[in-house]
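Data first, discussion second: the structure below is written as structure tokens.
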Amino acid sequence: MPELPEVETVRLSLSKQIIGKTIKAVKVYHQPMVKTSLEHFENQLIGQTIDAIFRRGKFLIFKLTSSYMLSHLRMEGKYFIKSAHAKKEKHEHVVFVFSDNTTLVYHDVRKFGTFHLKTSETLFQEAPLNKLGLEYDDPQLNVAYLYERFHHRTIALKTALLDQSHVSGIGNIYADEICFCMKKHPLTPVFDLNKKDLSNLIECSKRVLNRAVKLGGSSIRSYTDSLGITGRFQNELNVHLRQGQLCYTCKESIIKIKVGGRGTYLCPNCQANR
DNA sequence: ATAAACGCCTGGCGGC
DNA sequence: TGCCGCCAGGCGTTTA
């Protein structure tokens, strides 16, 4: 499941390969992924050049000549660059054909990914980007910001980390790792977090996400980088997917529980505090 | 307003 | 070996 570090890795890889290319055709094989009319999507994109690729939360933002195309990979979205003559494979749902006869292929086994088309006026004013909270490295992300959002809420710490409206970009893997870094139980109600805890939340988010970005994300489950780069952060996971294995800090067995319906890994000793 | 439940979707896995 | 039910899970929508 691509989270911020994996999306950032994809962004960097794609930037090196498709900036400056001009779209000459668009093929959509699974219509529900495109959150605008198909006709509008195809008509708008044809003839536009990719000027830049940005990221906001887990969204890729393709800056085109006169539009912005948003792409969310959700669980299993991947990009490939292929020749226009390559045979279409299973799970390839959207294909952008460039004027140099290379293609950008969107591959998604679960079909959960989405595409939006925006203008410079609507990009941040409309859904989905207008719902996102701050980036983890935004200077405005401070204790006061989190306190204001959390002090009256009963939701669990992990649930709050996964809520994109507070801090954007954190998914299931990194939420577990951030809770471990904070030495807090994932079920801790957020109204119980004191200023030191909130400060730790910010510091741990930066520490975990910066390290994961540096290592090219985590290659686990279905996520592998589409452009041949293999993430290495999976080697540094402290709790995620380590059920039954020993905590590197205290040798206690890592356990798996459910939080908000999601598989959650923690060290019951290091994270007893809640 | 808040929180929980549901639906989307497919492949992999355990059980028989 | 094959079939079945369950699980994974981000997030928009629906329900309580």
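The chains referred to below are lettered A, B, ... by the order of the sequence lines, with proteins before strands, and numbering in each begins at 1.
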Exercise for the section: Go through C/dG10, B/dA3, C/dA8 for me and flag the one nearest to the A/T154 side chain. Expected result: B/dA3
Exercise for the section: Taking only Lys NZ, Arg NE, NH1 and NH2, and the carboxylate oxygens of Asp or Glu, determine whether A/K184 and A/D197 approach each other closer than 4.0 Å. Expected result: yes
Exercise for the section: Work out which heavy atom in A/I61 is nearest to a heavy atom in A/R56; give both atom names and the distance. Expected result: CD1-CB, 3.8 Å
Handout entry: Residue from A/I257, A/I254, A/D176 passing side-chain contact (heavy atoms from CB on, under 4.5 Å) with A/L266
Key = A/I257
Practice task
Could you tell me whether A/G261 contacts a base, only the sugar-phosphate backbone, or nothing, with contacts defined as non-hydrogen atoms closer than 4.0 Å?
Solution key: nothing
Handout entry: Atom-to-atom span, CZ of A/R153 to C1' of B/dT2 - whole angstrom
Key = 6 Å
Completion exercise
note: A/R262, atom CZ; C/dC7, atom C1'; distance rounded to Å ~ 14 Å
Practice task
Please check the phosphate of B/dT10 (OP1 and OP2 only) for any side-chain N or O of A/H91 closer than 4.0 Å.
Solution key: no
Handout entry: Residue A/P128, side-chain heavy atoms: nucleotide from B/dA3, C/dG10, C/dG12 that is nearest
Key = C/dG12
Problem - Length of the line joining A/R149:CZ and B/dT2:C1', which is rounded to integer Å - result: 14 Å
What's touching nucleotides 5-9 of chain B from the protein side, N or O pairs under 3.5 Å?
unit_1: B/dC9; atom_1: O4'; unit_2: A/R110; atom_2: O; d: 3.4
unit_1: B/dC9; atom_1: O2; unit_2: A/R110; atom_2: NE; d: 2.7

Completion exercise
To the nearest angstrom, the CZ-C1' distance between A/R56 and C/dG10 comes to 17 Å
Practice task
Please work out which of the three classes, parallel, tilted or perpendicular, describes the rings of A/H91 and A/H93, given edges at 30° and 60°.
Solution key: perpendicular
Practice task
Would you mind reading off the distance between A/H116 atom NE2 and C/dG12 atom P, rounded to a whole angstrom?
Solution key: 8 Å
Handout entry: Sugar-phosphate, base or nothing in reach of A/K35, heavy atoms under 4.0 Å
Key = nothing
Exercise for the section: Quickly work out the A/K258 NZ to B/dA4 C1' distance and round it to whole Å. Expected result: 15 Å
Practice task
Take the protein atom CD1 of A/I257 and the nucleotide atom P of C/dC7, then report the distance between them rounded to whole Å.
Solution key: 17 Å
Practice task
Quickly work out the A/D163 CG to B/dA1 P distance and round it to whole Å.
Solution key: 16 Å
Fill in the blank from the handout: From the candidates B/dG11, C/dG12, C/dC11, the one with an atom nearest any side-chain atom of A/K131 is C/dG12
Problem - Centroid separation A/Y174 to A/Y136 less than 6.0 Å - result: no
Exercise for the section: Would you indicate whether the side-chain heavy atoms of A/R74 and A/T114 approach each other to under 4.5 Å? Expected result: yes
Practice task
Taking only the side-chain nitrogens and oxygens of A/H72, find out if one of them lies under 4.0 Å from OP1 or OP2 of C/dC11.
Solution key: yes
Exercise for the section: Look at the side-chain N and O atoms of A/Q164 and state whether any lies under 4.0 Å from the OP1 or OP2 oxygen of C/dC11. Expected result: yes
Practice task
Check whether any side-chain nitrogen or oxygen of A/K90 sits under 4.0 Å from OP1 or OP2 of B/dT10, and answer yes or no.
Solution key: no
Handout entry: A/H240-A/F180 aromatic ring centre distance below 6.0 Å
Key = no
